[in-house]
Amino acid sequence: MSNIMAANPTVAELIARSNRLGSDPNNTNYAGGNTSAKGSEIDPVTGEAVELVWVKGSGGDLGTLKAEGLAVLRLDRLQALVDVYPGVEREDEMVAAFDYCLHGKGGAAPSIDTAMHGLVDAAHVDHLHPDSGIAIATAADGEQLTKAIFGDKVTWVPWRRPGFQLGLDIAKIKEANPQSVGCILGGHGITAWGDTSEEAEANSLWIIDTAAAYIAEHSKAEPFGSALDGYGALPVEERRAKAAALAATLRSIASADAPMVGHYNDDERVLEFLASTEHPRLAALGTSCPDHFLRTKVKPLVLDLPADASVEDSIARLKELHEAYRADYQGYYDRNADADSPAIRGADPAIILIPGVGMFSYGKNKQTARVAGEFYLNAINVMRGAEGLSNYAPIDEAEKFRIEYWALEEAKLQRLPKPKPLASRIALVTGAASGIGKAIATRLAAEGACVVIADLDAEKAQAAAAEIGGSDVAVGIAANVTDEDAVQGAVDATVLAFGGLDIVINNAGLSLSKALLDTTVADWDLQHNVMAKGSFLVSRAAAKVLIEQGLGGDVVYISSKNSIFAGPNNIAYSATKADQAHQVRLLAAELGEHGVKVNGINPDGVVRGSGIFAGGWGAKRAAVYGVDEEDLGKYYAQRTLLKREVLPENVANAVFVLCSADLSHTTGLHIPVDAGVAAAFLR
Ligand SMILES: NC(=O)c1ccc[n+]([C@@H]2O[C@H](COP(=O)([O-])OP(=O)(O)OC[C@H]3O[C@@H](n4cnc5c(N)ncnc54)[C@H](O)[C@@H]3O)[C@@H](O)[C@H]2O)c1
Ligand SMILES: [Zn+2]
C-alpha cells in the first residue's frame with residue numbers, strides 16, 4: 001500500500017513539503033502541526049477515480065513523516081459528516097466517525113485536526129505551531145496585530161479547542177475571505193493553504209517569516225523586563241557543577257508520583273529568560289499551545305533564589321516549592337475536573353527552572369524529557385514575541401485543563417504500549433567499552449534503561465555507546481575508576497546526561513595471573529585500585545545520588561568465581577575479587593534502609609569478547625591448561641557441570657534479572673554465572 005501511495009505524485013509532494021517544513025524548528029514544534037493534500041486515485045473497487053484527502057496521522061512528526069504516517073480518507077464521506085454533526089457539545093464523537101471515512105485500510109489513525117484539513121476548501125493545507133505565529137496568537141491584542149501585520153491576507157480565528165468545530169470555523173472564515181492565504185488560530189498556531197503544494201508551503205513560510213520580521217522590527221528592547229540583579233548565568237563550568245549537584249534533588253521532585261528521566265538544558269535563551277525581572281510572572285502564566293500541557297504541565301516550577309545561592313539553600317527551598325507546586329496543581333485539578341475527567345496524572349512539575357543554571361525537563365524516557373524541554377524553549381520564544389509587541393495572554397485555565405485531561409488524549413495515553421521493564425531507569429556501567437560490561441550496557445538499554453558507558457578510553461566508550469543507540473539511549477564517557485575526581489565526574493556526567501542514576505554496575509577490571517613470588521607490589525596495587533578501591537569510589541559517589549533521589553536503586557558488582565575459589569597463581573586478582581564480594585554484603589546491609597539493593601555476579605571463564613582474555617591472560621591460562629588459546633572457551637566449558645561456554649550475554653542476563661522488578665526483594669546475593677563450578681558453590 002505504501003508503495004502505491006508513495007507513487008501517487010500528490011502524496012510524494014505532500015511528504016516532501018512536510019519534511020521540509022517539519023525539519024526547521026522555526027516552523028513547528030516536534031510532532032506538532034499537520035499537513036494535508038487532496039487528490040484523486042483510481043478506486044480498485046469501481047475502477048473510477050475517487051477523491052481522497054491525505055493528512056498527517058495522529059502522533060507523527062512532520063520532519064520525518066513518511067507515506068505510512070498519513071491517514072487516507074474519502075473526501076465525499078469526510079465532508080458529508082457536516083450533515084450529521086451533532087454540535088460542539090458532542091464534537092468529540094466525530095473522531096470515531098472518521099473511521100467510517102477511511103479509504104482502504106486508511107493508513108495511520110486520523111488525528112483530531114483531520115476535520116480542519118477536510119473541511120477547508122483548498123487542495124493543500126498546513127497547520128503549524130511556529131513560535132512567531134503563536135506569539136501573535138497569544139498576544140492580548142492578537143486580532144488587531146494580525147490585521148496590522150498581514151492586512152486581509154491572514155484572518156483571525158478566536159481560540160477554540162482543536163476539533164470538528166474549529167475545522168468548521170476555519171472553513172467558514174476562508175470562504176468569507178477568499179483573498180486570504182491562511183489564519184492565525186488564537187492561543188494556538190497557524191493554518192495556511194494553497195491550490196498547489198508549493199503555494200501552501202510558500203504561504204505557510206510567508207506567515208511565519210512575516211510574523212517573525214514584524215516581531216524583530218517592533219518588539220520592545222527588553223521583552224522580559226530589565227536584568228534581574230544576581231540572576232545572570234553562572235560561568236559554564238560553575239553552572240554545570242551546580243546543575244549536577246542539584247540533579248538528584250530535582251529528579252526526586254519530578255518523580256514523587258512516577259519515576260522520570262531528566263534532560264538538562266542551559267541554552268542561553270533559557271538563561272536570559274531567568275535573568276530578567278518578568279520571568280516569575282510569565283512562568284506562572286504557563287504555556288498556551290495545545291501540544292504543550294501534556295508534555296510540560298501547565299506551568300514550570302521556578303526556583304526563586306539568585307544564581308549564587310548555595311546548593312544547600314537551593315535544595316531546602318526547592319523542597320518547599322515542590323510542596324507548594326503539588327498543592328497548586330491539585331487545586332487546578334480539583335477546580336476544573338468533573339465526574340467524567342480522567343484521574344489526576346501526578347502533581348509533580350515536568351519543567352524546573354533554576355536561575356543562573358538552566359532548565360531541567362522530565363518525561364518517562366529521555367526522548368520525552370528532551371522534547372518537554374524543547375517545548376518549554378518554544379514557550380519562552382512565544383512569550384518573548386508576545387511580550388515584545390503586547391502582553392502574553394495564554395488561554396485560560398479551564399481550557400488548559402480541558403486539553404490536558406481531554407478524554408481523547410487520555411484514550412491515546414491508554415493505548416500507548418506497555419513500557420519496557422527498565423524504562424525510566426538510568427544506569428552507569430564501568431568498564432563498559434568491552435566484554436562483559438558492554439554486554440551489560442547493551443542488555444540494560446534493550447530493556448529500556450538509559451546507560452552511561454564509562455571506560456578508560458573516551459573514544460572506545462563513545463563507540464560502544466553509538467553501537468547501542470543514539471544519545472537518548474547511551475552516552476560514552478572517559479573515567480578511570482581509580483581516580484576519586486574522575487569517578488565523581490562520571491556520576492556528574494550521568495546525572496547531567498539523564499537527570500539521575502538508578503543502576504550502578506561495578507564492572508571495570510583487569511586480571512594479571514601471577515604466582516605469589518612473581519606478584520609485584522605494582523601488580524597488587526593496580527588490581528586492588530581498579531577493582532576494590534574503584535568499586536568503593538563508584539559506589540560511594542553513586543550512593544550519594546541514590547540516597548538523595550529516594551527512588552531506591554541497584555548496585556551490582558561483577559566479582560568472580562575467584563572471589564571464593566582458591567587456586568594457584570591468582571593472589572592479587574582473587575583477593576581483590578573477594579574484597580568486592582564483601583563490599584556487596586557490607587553495602588547491602590548499609591544501603592537497605594534507602595531501598596538500594598546491592599548484589600553481585602560471579603562469572604567464570606568468559607573468554608569470547610573479553611579484553612582480559614585477549615590481553616594475555618587467556619594465553620597464560622591456556623598454557624597452564626595445555627590447550628590452544630582459541631580452544632580455551634571450550635576447555636572451560638567441559639570443566640563445568642553444564643558443559644556450557646559462558647558468554648558475556650549470560651552475565652548481562654543475570655544483571656538484568658537482579659535489577660528487574662522480579663527480584664525486588666533480593667539484596668546481598670551473589671549469582672554464579674559459571675555454567676556450574678562445584679568448587680565455587682556458595683554456602
Ligand atoms: N572474563 C571473565 O571470565 C571474567 C570472570 C569473572 C569476572 N570477570 C570480571 O568481569 C569484569 C569485566 O571483565 P571482561 O572480561 O569483560 O574484561 P574486558 O577487559 O573486556 O573489560 C574490562 C573493561 O574495564 C576497563 N577498565 C580497566 N581498568 C579500568 C579503570 N581503571 N577504569 C575504568 N575502566 C577500566 C577496560 O578498559 C575494559 O574495557 C572484570 O571486573 C572482570 O574481573 C571476568
Ligand atoms: Zn495545533
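Whatever order the structure lists ligands and atoms in, that order sets their numbers, starting from 1.
Note: W206 and F150 meet the aromatic proximity criterion, with ring centroids under 6.0 Å apart. Ring to ring, H127 and H188 are close: their centroids are under 6.0 angstrom apart.
Side chain of S288 to main chain of G187: a donor-acceptor pair is present (N/O by atom type, distance under 3.5 Å, no hydrogens or angles). Checked by atom type and distance alone, the side chain of K56 never pairs as donor or acceptor with a backbone atom of L62 at under 3.5 Å. Panel note: side chain K643, backbone T640; a donor-acceptor pair is recorded below 3.5 Å. Under the 3.5 Å distance criterion, the side-chain polar atoms of S563 are matched with a main-chain donor or acceptor of S560.
Of all atoms in ligand 1, listed by their number and element, those nearer than 4.0 Å to a heavy atom of G509 are 22 (C), 24 (O), 27 (C), 40 (C), 41 (O). Listed by number with element, the atoms of ligand 1 under 4.0 Å from a non-hydrogen atom of A479 are 32 (N), 33 (C). Atoms of ligand 1 found under 4.0 Å from any heavy atom of I558 (numbered from 1 in listed order, with element): 9 (C), 10 (O), 41 (O). The distance from ligand 1 to the heavy atoms of N507 drops below 4.0 Å at these ligand atoms: 10 (O), 11 (C), 12 (C), 40 (C), 41 (O). Listed by number with element, the atoms of ligand 1 under 4.0 angstrom from any heavy atom of G435 are 16 (O), 20 (O). Counting the atoms of ligand 1 from 1 in the order shown, those under 4.0 Å from a heavy atom of G611 are 17 (O), 18 (P), 19 (O), 20 (O). Per-residue contacts place G431 under 4.0 angstrom from the following atoms of ligand 1 (heavy atoms of the residue considered): 23 (C), 24 (O), 25 (C), 34 (N), 39 (O). Within ligand 1, counting atoms from 1 as listed, the ones closer than 4.0 Å to a heavy atom of G605 are 3 (O).
Looking only at protein N/O/S atoms, the ones less than 2.8 Å from the Zn ion (ligand 2) make 3 in total.
Look at E374 and R295 and you find no salt bridge, because none of the NZ, NE, NH1 or NH2 atoms lies under 4.0 Å from a carboxylate O. Using a 4.0 Å cut-off between charged side-chain N and carboxylate O, R402 and E399 make a salt bridge. The pair R161-D92 meets the salt-bridge criterion, with a side-chain N (NZ, NE, NH1 or NH2) lying under 4.0 Å from an Asp/Glu carboxylate O.
Looking at S610 next to ligand 1, an N or O pair under 3.5 Å apart turns up. Residue A433 has no N or O atom closer than 3.5 Å to an N or O atom of ligand 1. The shortest N or O to N or O distance between V481 and ligand 1 is under 3.5 Å. Backbone and side-chain nitrogen or oxygen atoms of S434 are examined, and one is located within less than 3.5 angstrom of a nitrogen or oxygen of ligand 1. No N or O atom of G437 sits closer than 3.5 Å to an N or O atom of ligand 1. Ligand 1 has no N or O atom lying under 3.5 Å from any N or O atom of S560, backbone or side chain. Considering backbone and side-chain atoms together, V530 places no N or O closer than 3.5 Å to any N or O of ligand 1. Considering backbone and side-chain atoms together, T482 places no N or O closer than 3.5 Å to any N or O of ligand 1.
Taking every heavy atom of both residues into account, W54 and L14 meet most closely at O-CD2, 3.6 Å. Of all heavy-atom pairs between A637 and E645, the closest is CB-N, 3.5 Å. In this structure, A508 and M531 approach most closely via the heavy-atom pair O-CG, 3.6 Å.
When only non-hydrogen protein atoms are considered, atom 13 (O) of ligand 1 lies nearest to I612 CD1, 3.5 Å. Here the heavy atom of the protein found nearest to atom 31 (N) of ligand 1 is N480 OD1, 2.9 Å. The single protein non-hydrogen atom nearest to atom 30 (C) of ligand 1 is L456 CD2, 3.5 Å, given as residue, atom name and distance. For atom 4 (C) of ligand 1, the closest non-hydrogen atom on the protein side is I436 CD1, 4.0 Å. Looking at atom 8 (N) of ligand 1, its nearest protein heavy atom turns out to be Y573 OH, 3.6 Å. What sits closest to atom 5 (C) of ligand 1 on the protein, heavy atoms only, is P603 O, 3.7 Å. For atom 36 (C) of ligand 1, the closest non-hydrogen atom on the protein side is D455 OD1, 3.3 Å.
Rounded to the nearest 0.5 Å, atoms CG (N599) and CZ (R585) are 11.5 Å apart. Rounding to the nearest 0.5 Å gives a distance of 9.5 Å between CG of L516 and CH2 of W524. Here OG of S511 is found 6.0 Å from CG of N570. Values are rounded to the nearest 0.5 Å. Atom CG of residue D291 and atom CG of residue N29 lie 4.5 Å apart, to the nearest 0.5 angstrom.
Across I505, V606, D674, T430, heavy-atom proximity to atom 2 (C) of ligand 1 is greatest for V606.
Just one of N507, D604, I601 meets the side-chain contact (heavy atoms from CB on, under 4.5 Å) condition when paired with V651; it is I601. A side-chain contact (heavy atoms from CB on, under 4.5 Å) with L21 is found for exactly one of L65, D126, N26, T28, namely D126.
Assignment of S559 to the shell around ligand 1 is supported, since a heavy atom sits closer than 4.0 Å.
The part of K577 lying near ligand 1 is the side chain, judged by heavy-atom distances below 4.0 Å.
Residues in residues 626-639 take part in these side chain to side chain donor-acceptor pair (under 3.5 Å) pairs, two or more places apart or across chains: Y625-R639.
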